[in-house]
Amino acid sequence: PAALANLAITVTEAKCGFLHALGWRTAEGEPATGTSTGALALAATGHGLLLPYAGPASNGPTAAQYLAAHYGVTVQLGWPTASAASNNYAVVGAMNDTRNYRVEIDNPPGLGAFFPALATSGIAHQIARYQAVNPVVADPAHTLFMVWGGANDLFLALESPGATPQSVAQAVGLSLQALQADLQTLAGLGARHLLVPSLPDLGLTPEGLAADPLVAGALTGASLAYNAGLDQLLDGLAQVLTPLGVELYEFDTPTFFARILADPAGYGFTNTTMSCFDAKAPDLTNLLAGCPGYLYFDNVHPTTAGHA
């Protein structure tokens, strides 16, 4: 079900973009969008090509899945249903609180109505789902929690009607507050190892590069502000949690991507500015070939090679 939900989002976006490009409209004159039902039919009939992006927003394993494999851990999904064995609660569009960015912007149209559970699939709710089946961390000494969020919070802030530098700055602060609460909740459950990656420069993603320079600049500025706040947040939490035996680890995501952009060929990439899959002009050729040479799967998410 989780894989179908993520696939429905991707395929429906492609359908909406294709119909928009054709200029098709409904009898009422509204832009034609297609339906989520149609997308699910494509995923569930069992006919045709097996699309590799049925699951994460990438064309293969993500960073969390690679990390799990490195430590010999089998990934068990925790959404939409969870058990004590579940260890991956990630949901496309999750924000640091309980909300989901895609539901908030209603993209694809009707997503929240078709998948009501998505409306409250943010990281805070993911942790609550984990807590419901794991009242305490069973093996804290050998359990690493990876909490990576914030980008969807920034996208929502920047896309909100009437957005201003002040409203975006406020949204950054609220997002970090939510993240702090997430980490404190996990520590309260007994977590002793918390990995918190920072955000890449969202202005250098295909989404940012294709946008108006002012928008791209705003994405970069919001990313920098979030990461600066994250550094302060983790420093403050460390003073409180380290004496309690909690280790906080931060991965410097923007530096990692900067190294790739400085030497793409050295990392096996030939295209660092465009997405392998473009929902606005759907062409599955590169996707089905495995996105060779691409750093980005879609406008903001890396390919599996980028995650590796």
Side-chain angles (χ1 to χ4, degrees), residues 1-6 54-58 60-100 115 117-153 175-199 230 233-253 304 307-308:
L4 290 182
N6 289 338
S58 188
T62 62
Q65 292 168 303
Y66 280 119
L67 188 60
H70 176 76
Y71 287 106
V73 176
T74 300
V75 174
Q76 300 285 341
L77 295 181
W79 192 88
T81 59
S83 70
S86 299
N87 54 22
N88 187 341
Y89 288 78
V91 179
V92 172
M95 297 173 63
N96 283 348
D97 53 22
T98 61
R99 295 173 296 165
N100 186 288
F115 290 110
L118 277 177
T120 54
S121 58
I123 292 176
H125 188 71
Q126 292 171 27
I127 294 172
R129 293 178 63 79
Y130 171 84
Q131 184 177 9
V133 293
N134 296 276
V136 296
V137 178
D139 186 11
H142 300 95
T143 303
L144 174 66
F145 290 85
M146 182 179 182
V147 185
W148 196 0
N152 290 313
D153 303 56
S175 176
L176 290 168
Q177 287 180 25
L179 178 64
Q180 178 173 333
D182 294 337
L183 298 174
Q184 290 173 322
T185 298
L186 286 171
L189 294 176
R192 291 297 175 263
H193 302 284
L194 300 170
L195 171 60
V196 189
S198 52
L199 293 182
L230 178 62
L233 184 159
L234 293 179
D235 287 344
L237 277 181
Q239 296 180 29
V240 176
L241 298 180
T242 300
L244 302 177
V246 179
E247 296 290 337
L248 294 168
Y249 312 95
E250 182 178 3
F251 181 78
D252 188 349
T253 307
T304 188
H307 278 286

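What you see below is based on every heavy atom in this structure, not just the backbone, and it leaves out hydrogens, waters and symmetry mates. Remember, predicted model here, so these are calculated numbers, not experimental data.
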* Structure fact -> Correct closest heavy-atom pair for Gly190 and Pro140 would be O-CB, 3.1 Å
* Expected output: side-chain Asn88 to main-chain Leu77 donor-acceptor under 3.5 Å -> no
* **Leu199 vs Thr253 side-chain heavy atoms within contact, under 4.5 Å** => no
* Asked: Taking Ser121 for the side chain and Ala94 for the main chain, is one N or O donor matched with an acceptor at less than 3.5 Å?
  -> no
* **Heavy-atom donor-acceptor pair, Asp182 side chain to Val147 backbone, under 3.5 Å** => no
* Asked: Does the side chain of Thr143 reach to within under 4.5 Å of the side chain of Phe145, using non-hydrogen atoms?
  -> yes
* Judged by atom type as modelled, is there a donor-acceptor pair below 3.5 Å linking the side chain of Thr304 to the main-chain atoms of Thr62? -> no
* Please confirm whether the backbone N or O of Met95 pairs with a side-chain atom of Asp153, one donor and one acceptor, at under 3.5 Å? => no
* Asked: Is there a donor-acceptor contact under 3.5 Å from the side chain of Trp148 to the main chain of Val196?
  -> no
* To do: Run through Asn96, Leu233, Leu230, Leu234 and flag the one making a side-chain contact (heavy atoms from CB on, under 4.5 Å) with Gln180.
  => Leu233
* To do: Specify the closest pair of heavy atoms between Pro197 and Met146, including all atoms of both residues, with the distance to one decimal.
  => CG-CE, 3.8 Å
* Asked: Below 4.5 Å, heavy atoms only, C-beta onward: do Leu67 and Leu144 meet side chain to side chain?
  -> yes
* Contact summary for Val133 and Ser83, nearest pair of heavy atoms -> CG2-O, 3.5 Å
* Considering only heavy atoms from C-beta outward, does the side chain of Asn134 approach that of Leu189 to under 4.5 Å? -> no
* With a 4.5 Å heavy-atom cut-off, do Leu194 and Leu237 have their side chains touching? -> no
* Asked: Is there a side-chain contact between His307 and Tyr66 (heavy atoms, below 4.5 Å)?
  -> yes
* With the side chain counted from C-beta on, respond yes when Thr74 and Gln76 share a heavy-atom pair under 4.5 Å apart, and no when they do not. => yes
* Asked: Can you check whether Gly122's main-chain N or O pairs, donor with acceptor, with Asp97's side chain at less than 3.5 Å?
  -> no
* Which value, rounded to the nearest 0.5 Å, describes the distance between Arg129 atom CZ and Thr120 atom OG1? -> 8.5 Å
